[in-house]
Amino acid sequence: MAASRTLTRETILAVAIVATATVATVLLRDTLAPTNLAMIYLGGVVAVAMRCSRRISVISSFLSVAAFDFFCVPPYLTFAVSDYQYVLTFAGMLIVALVISTQTVRLREHAAHAAAAQARTEALYRLSSRLAGETRVFEAARAATALAEEVFGARAVMFLPEDGRLSFRRRTSDVLPVPPSEESIAQWVFDNGHKAGLRTGTFPDATALYLPLRGARETFGVLAVLPDVALNVEGRIFAPEQQHLLEVFAGQTALAIERTMSQRAAEETRFHMQTEQMRSSLLSAVSHDLRTPLASITGAASTLRSQGGRLPPETRDELLESISDEADRLSRLVGNLLDMTRLESGGVELRRDFYPLEEIVGTALQRMESQLEGRTVITELAENLPMVFVDDVLLGQVLWNLLENIVKYTPSGTPIELAAFEKDGAVILEVRDRGPGVPAGEEERIFEKFYRGQSGNVSDNVRGAGLGLPICRAIIEAHRGTIQALPRDGGGSIFLIRLPLESRK
Ligand code: ADP
């Protein structure tokens, strides 16, 4: 119906243009030479070709030549010609008119094609960029549906499966714009992977057109589109190129959903693997680090029990001391494990306040005093250092862990330096030693949980579970800071902490 209406409109327009050209030529035929009058008709042919179909343009070319003969070539008002040279003029005019009309129409069609292709590319580009950031299937489906409504000027809704079957309950819109009875049509589309519904060969009487969201491996859902009666009387979505675009649209959405799902699966696998790896590291760390001190404690305790009375007092003291040392070690390990778990699960609430850094450094050095015996500790805290907004206990723990590592991994007697200064809106705190340094390539790994560096494995006396530095990092990151290990000129390592200066919230 729409097509015949367009045809009538075009015919009227073409006739009107040729008639106008005729009126103009009749008025001018006494002043202009016939060849110039022909130009007026050619102008009319161009005008027709710019607005009408190819068929109408060709017919107007013939009509123009006929009108030219009838009105402009003497004798007037007859097709007879006085001079047979005019036949050549007619032929030339007809050829030029036909060439002009067909070329103009072709040009117009090209332009229309290019515009449609651009609109399609733009729609698909917008779809892919809108879907690129979606990490959840349902959100991706919702975004694609909203865009489909905008691009196609239609109402759209996506249905997703539930337990392997398509369900009208899992849909992207709040209201259901199609009758519930059409769930079976959507199911058919889901099962067969072909479109169906309105104006297709399958279920043509349905209220909506149903398209499968077919990915590379499976169908993820169904897109239903209904011509919006209020907006769209012509049924724009049923034009062939729009149908094609709709299908590509559905396919792209399916691929985006597929990508989202495989990303999630990959993440789950990675998480699972990480958990597995952590579990085995934890087991080996715990079995080694718990068993060794436990064996010493049990050994010493049973010796004391069986031969306590017979042992010289010094040996008894030694055994008691080793029990106490090992119990300390155990409690530290268990404490570290607990800290780590609490930090990781976000179970630690920072009790932040403004503190002078000297106070925190001083407390940490005091706590380490006995272990730092025989070491030179140099502190270089810049004057006028601003107060830091931190949890003092946790930052103290970081320093304690770093100092303990220096005691463990650097030869006794080597110096320790603690320096602090302000730089680029942050306070930098450096803990430096003159030990063997962190081996190149391990600077980042030593911050991984349960990772023990080569320096950690040199001797069995140096115990640890590879948790000290990860705890430091977790604490510093909770303060929105950073911590890294750097090689030090002249040997040794630098542990650099950067704490951004924050104003009181
Ligand atoms: P642990 O001390 O229990 O092994 P950490 O996480 O505290 O665990 O340290 C990880 C690794 O980093 C250690 O095993 C050690 O190899 C290395 N490391 C830490 N501090 C130093 C340091 N000051 N000098 C050289 N190596 C260090």
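Note that the structure is predicted; figures quoted are calculated from it, not measured. In listed order, ligands and their atoms are each counted from 1.
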Chemist: Drop me the distance from L330's CG to L294's CG, to the nearest 0.5 angstrom.
Modeler: 5.0 Å
Chemist: Among V438, V407, N405, which residue places a heavy atom closest to atom 7 (O) of ligand 1?
Modeler: N405
Chemist: Out of C472, G437, G435, A485, whose heavy atom sits nearest atom 25 (C) of ligand 1?
Modeler: G437
Chemist: Which heavy-atom pair separates V137 from T260 by the least distance, and what is that distance?
Modeler: N-CG2, 3.9 Å
Chemist: Which ligand 1 atoms does K408 reach within 4.0 Å, using its non-hydrogen atoms?
Modeler: 1 (P), 2 (O), 3 (O)
Chemist: Quick check: R452 and ligand 1, any N/O pair under 3.5 Å apart?
Modeler: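 Such a contact does occur with ligand 1.
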Chemist: Tell me whether P436 reaches ligand 1 (any heavy atom closer than 4.0 angstrom to a ligand atom).
Modeler: no
Chemist: Atoms of ligand 1 less than 4.0 Å from P470 heavy atoms?
Modeler: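 Per the distance check, 6 (O).
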Chemist: If you look only at distance, which donor and acceptor atoms sit under 3.5 Å apart when one is on a side chain in residues 178-186 and the other is two or more places apart or in another chain?
Modeler:
from: E182; atom 1: OE1; to: T207; atom 2: OG1; distance (Å): 3.1
from: E182; atom 1: OE1; to: Y210; atom 2: OH; distance (Å): 2.5
from: E182; atom 1: OE2; to: T207; atom 2: N; distance (Å): 2.8
from: E182; atom 1: OE2; to: T207; atom 2: OG1; distance (Å): 3.1
from: E183; atom 1: OE2; to: F168; atom 2: N; distance (Å): 2.9
from: S184; atom 1: OG; to: S181; atom 2: O; distance (Å): 3.4

Chemist: So that I can tick it off, tell me whether R488 and E430 are bridged by a salt bridge, with the cut-off set at under 4.0 angstrom between side-chain N and carboxylate O.
Modeler: no
Chemist: One residue to check: D433. Relative to ligand 1, which of side chain, backbone, both or neither has a non-hydrogen atom less than 4.0 Å away?
Modeler: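 Side chain only.
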Chemist: As an exercise, state the distance from CG of L319 to CD1 of I297, rounded to the nearest 0.5 Å.
Modeler: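 Between atom CG of L319 and atom CD1 of I297 there are 12.5 Å.
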Chemist: Can you sort out which atoms of ligand 1 are near L469, meaning under 4.0 Å from one of its heavy atoms?
Modeler: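 It comes down to these atoms of ligand 1: 5 (P), 6 (O), 7 (O), 9 (O), 10 (C), 12 (O), 19 (C).
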Chemist: Taking R445 first and then E448, would you say they form a salt bridge - that is, a charged N and a carboxylate O separated by under 4.0 Å?
Modeler: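 Salt bridge: yes.
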Chemist: Please tabulate, for the side chains in residues 368-375, all donor-acceptor contacts under 3.5 angstrom to protein atoms that are two or more places apart in sequence or on a different chain.
Modeler:
from: R375; atom 1: NH1; to: T410; atom 2: OG1; distance (Å): 2.8
from: R375; atom 1: NH1; to: P411; atom 2: O; distance (Å): 3.3
from: R375; atom 1: NH1; to: T414; atom 2: O; distance (Å): 3.2
from: R375; atom 1: NH1; to: T414; atom 2: OG1; distance (Å): 2.9
from: R375; atom 1: NH2; to: T410; atom 2: O; distance (Å): 3.1
from: R375; atom 1: NH2; to: T410; atom 2: OG1; distance (Å): 3.3

Chemist: Should we say atom CZ of R136 is surrounded by more than 12 heavy atoms from elsewhere, each under 6.0 Å from it?
Modeler: no
Chemist: Counting each atom of ligand 1 from 1 as listed, which ones have a heavy atom of G466 under 4.0 Å away?
Modeler: 1 (P), 3 (O), 4 (O), 6 (O), 8 (O)
Chemist: So, does F495 sit close enough to ligand 1 that a heavy atom of it is under 4.0 Å from the ligand?
Modeler: yes
Chemist: May I ask you to list the atoms of ligand 1 that are less than 4.0 angstrom from any heavy atom of Y451?
Modeler: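 By the 4.0 Å cutoff, the relevant atoms are 10 (C).
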